[in-house]
Amino acid sequence: MSNVKFLSGENIPLEMHKVRMVQRVNLIPVEERKERMEEAGNNTFLLKNRDVFMDMLTDSGVNAMSQNQYAAMMQADDSYAGSETFYRLESVLQEIFGMKYFLPAHQGRACEHIISRVLVKPGSTAIMNFHFTTTKAHITACGGDIEEIVIKEGYKIKSDAPFKGDIDIDKLKELINKLGRDKISFVRMEAGTNLIGGQPVSMKNMREVSEICRKADIPFVYDASLLSDNLYFIKIRDEDYKDVSIKDIILEIASLTDIIYFSARKLGSARGGGILVNDNSLFLKMRELVPLYEGFLTYGGMSVREMEALAVGLEETLDFDVISQTPLIVEAMCNEFVKKGIPVVTPPGGLGCHADAMEICSHIPKSQYRAGALAAAIYIAGGVRCMERGTLSEQRNADGSERFSEMELARLAVPRRVFTLSHVKYVADRMDWLNQNRQLIGGLEFIEEPKVLRFFFGRLRPVDDWQERLVKQFRKDFGDSL
Ligand SMILES: *Cc1c(COP(=O)(O)O)cnc(C)c1O
């Protein structure tokens with residue numbers, strides 16, 4: 001977003017790039033969409049891409065790469081050990097984050113696995129602003145537990161708070177006192193908090209958390225997967241950082257933390273992941289696990305081509321025009337939703353637009369998965385694939401009872417540099433229709449429920465014939481439209 005003003009005063013997310021390669025997408029008729037949803041067990045993860053018009057499931061591994069990233073892939077040095085590509089990537093990371101050691105991994109959750117294996121002891125607690133699905137799964141798989149202490153504002157759908165991902169400092173101090181240093185595996189801060197609406201973390205909060213961790217000698221782990229959106233919000237929403245370069249903001253963040261890890265499927269618009277650390281003994285402990293689970297130390301499960309693309313993608317993250325495109329288009333979409341009275345998480349975050357299924361589907365019992373039902377209905381209504389971020393994405397309690405999520409969100413992710421303003425308007429239009437006909441949306445129940453990360457491949461069915469009624473209403477209102 002360079003400084004371009006429109007005569008009309010309108011706020012238009014003007015792209016500072018042009019599109020020179022495209023992919024054809026299909027929009028199948030609503031009757032077929034209902035059938036495909038049924039075949040997919042009402043789980044948007046199980047849809048086939050050929051049946052999806054707009055894939056807003058995730059921003060993971062589906063971001064548009066730049067011509068320079070593609071060009072870099074051609075110079076990859078294919079060798080098992082000692083690849084030039086690795087050293088190029090390592091030096092870019094050391095330069096950008098100013099940290100000593102880099103360990104490659106095949107994606108973000110692999111970093112979580114390694115960090116958890118080294119730091120999480122059975123019976124210990126990891127304290128964090130908010131969990132991410134795979135983070136929590138790895139911590140609990142190591143016998144640990146989590147405590148989430150995001151500020152109260154973080155749980156509010158409608159808010160003006162600029163940094164809803166911040167940690168509640170009083171709660172952090174209380175928890176450290178209550179549990180004691182030995183029962184705490186680490187404190188984790190997630191940039192652009194994924195599950196509560198892509199909401200950013202402030203620099204002030206980072207500094208406070210860092211100081212407390214350093215005093216208590218607790219490792220401070222930073223999940224930088226959604227760093228690029230968070231950087232944009234620091235520049236835009238924090239007066240003190242408006243003139244600070246992106247490079248200097250990243251260096252300051254890094255100086256406050258002990259371990260940084262990221263999913264390169266998001267950060268750097270490539271595929272892969274990595275861990276950065278300064279402490280030599282931590283590095284050595286984590287390093288042991290890389291060849292065992294990921295691959296040799298100079299690729300860690302990534303292809304050398306992706307590593308080249310990542311190195312360039314990370315450098316491009318320092319460009320404000322590059323990192324602003326997603327937050328701006330998310331904001332445009334969020335504003336469309338608000339204009340049409342569709343309940344949505346505000347202020348707009350990064351990552352995507354989060355429709356509030358708790359409210360839209362308030363007539364459905366919580367035990368029938370409000371956000372899951374809305375996600376299924378969104379696909380039927382528009383061929384748009386989003387992701388449930390609510391109770392379905394939780395794990396059941398140890399006694400088998402349901403752990404009801406505080407928020408029930410249908411997350412419409414916006415892959416970076418992939419969709420246009422007309423796409424955004426289309427989604428808002430179908431969401432508007434759905435919201436007006438929300439009483440037609442009904443609940444879901446499991447027919448197959450996996451024990452771990454059930455949202456990935458669990459199968460559900462509608463509790464009655466509500467999806468047929470939805471299709472009938474669609475035909476009535478839209479005639480022969482797709
Ligand atoms: C996606 C994501 C992860 C996991 O990364 P993968 O590459 O999908 O394994 C971890 N943390 C956050 C915040 C994420 O958004």
Side-chain angles (χ1 to χ4, degrees), residues 45 55-63 103-117 120 126 128-141 146 148 150 154 164-167 186-201 206 221-231 233 253 257 259-276 289-290 293-295 300-303 306-307 309-310 313-314 317 323 326-327 330 349-352 354 386-389 393 409 411-416 452-453 455-457:
F45 276 99
D55 191 4
M56 306 186 91
L57 185 73
T58 174
D59 62 332
S60 176
V62 288
N63 301 298
L103 291 167
H106 78 274
Q107 62 184 96
R109 69 200 66 186
C111 306
E112 291 168 339
H113 173 223
I114 291 167
I115 294 167
S116 301
R117 287 281 294 265
V120 175
M128 55 192 71
N129 51 351
F130 210 78
H131 79 283
F132 182 69
T133 49
T134 53
T135 322
K136 184 172 170 182
H138 277 297
I139 291 167
T140 53
I146 64 155
E148 294 166 314
V150 72
K164 285 164 80 178
D166 278 355
I167 275 183
F186 53 82
V187 172
R188 170 181 172 277
M189 191 74 123
E190 181 179 312
T193 358
N194 194 323
L195 297 193
I196 57 168
Q199 297 294 325
V201 171
M206 285 281 302
V221 177
Y222 186 70
D223 180 345
S225 303
L226 302 180
L227 174 64
S228 73
D229 299 340
N230 207 126
L231 289 168
F233 290 119
I253 291 174
T257 58
I259 297 178
I260 293 182
Y261 75 92
F262 59 93
S263 166
R265 299 177 64 83
K266 293 124 187 196
L267 185 65
S269 292
R271 289 146 204 93
I275 303 173
L276 294 152
L289 299 173
V290 174
Y293 292 102
E294 301 304 309
M302 283 186 272
S303 89
E306 293 294 349
M307 288 161 74
L310 173 57
L314 287 165
T317 301
I323 64 169
T326 299
V330 168
L351 178 66
H354 298 69
C386 69
M387 190 189 291
E388 193 271 1
R389 295 278 78 153
S393 299
L409 304 175
R411 185 190 78 185
L412 295 139
V414 179
R416 294 172 181 82
V452 179
L453 297 174
F455 62 93
F456 277 138
F457 43 93

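Each ligand, and each atom within it, is numbered from 1 in the order the structure gives.
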Nearest-contact summary for atom 11 (N) of ligand 1 - protein heavy atom, Å: Asp223 OD2, 2.6 Å
Residue, atom name and distance, where the atom is the protein heavy atom closest to atom 14 (C) of ligand 1: Lys266 NZ, 3.0 Å
Contact (N/O only, under 3.5 Å) between Gln107 and ligand 1: yes
Value rounded to 0.5 Å, distance of OG in Ser225 from CG in Asn230: 11.5 Å
Glu148 side chain reached by Leu195 side chain, heavy atoms, under 4.5 Å: no
Contact check: Leu226 vs ligand 1, nitrogen or oxygen atoms, below 3.5 angstrom: no
Closest protein heavy atom to atom 7 (O) of ligand 1, given as residue, atom name and distance to 0.1 Å: Ser263 OG, 2.6 Å
Heavy-atom gap Asn194 to ligand 1 smaller than 4.0 Å: yes
Heavy-atom nearest neighbour in the protein, as seen from atom 9 (O) of ligand 1, with distance rounded to 0.1 Å: Arg109 NE, 2.6 Å
Derivation and outcome, side-chain hydrogen bond (donor to acceptor under 3.5 Å, both in side chains), residues Arg109 and His113: CA-CA 6 Å; Arg109 69 200 66 186; His113 173 223; over 6 Å; no
Donor-acceptor pair between Gln199 and Thr193 side chains, under 3.5 angstrom: no
All ring pair (Phe, Tyr, Trp, His ring centres under 6.0 Å) counterparts of Phe455, not counting sequence neighbours: Phe45
Distance filter under 4.0 Å to Glu112 heavy atoms, resulting ligand 1 atoms: 10 (C), 11 (N)
Thr134: numbered ligand 1 atoms lying under 4.0 Å from its heavy atoms: 4 (C)
Polar side chain donor-acceptor pair, Arg389 to Asn194, under 3.5 angstrom: no
Lys266 with Asp223: basic N within carboxylate O range, under 4.0 Å: no
Residue, atom name and distance, where the atom is the protein heavy atom closest to atom 3 (C) of ligand 1: Phe132 CE2, 3.4 Å
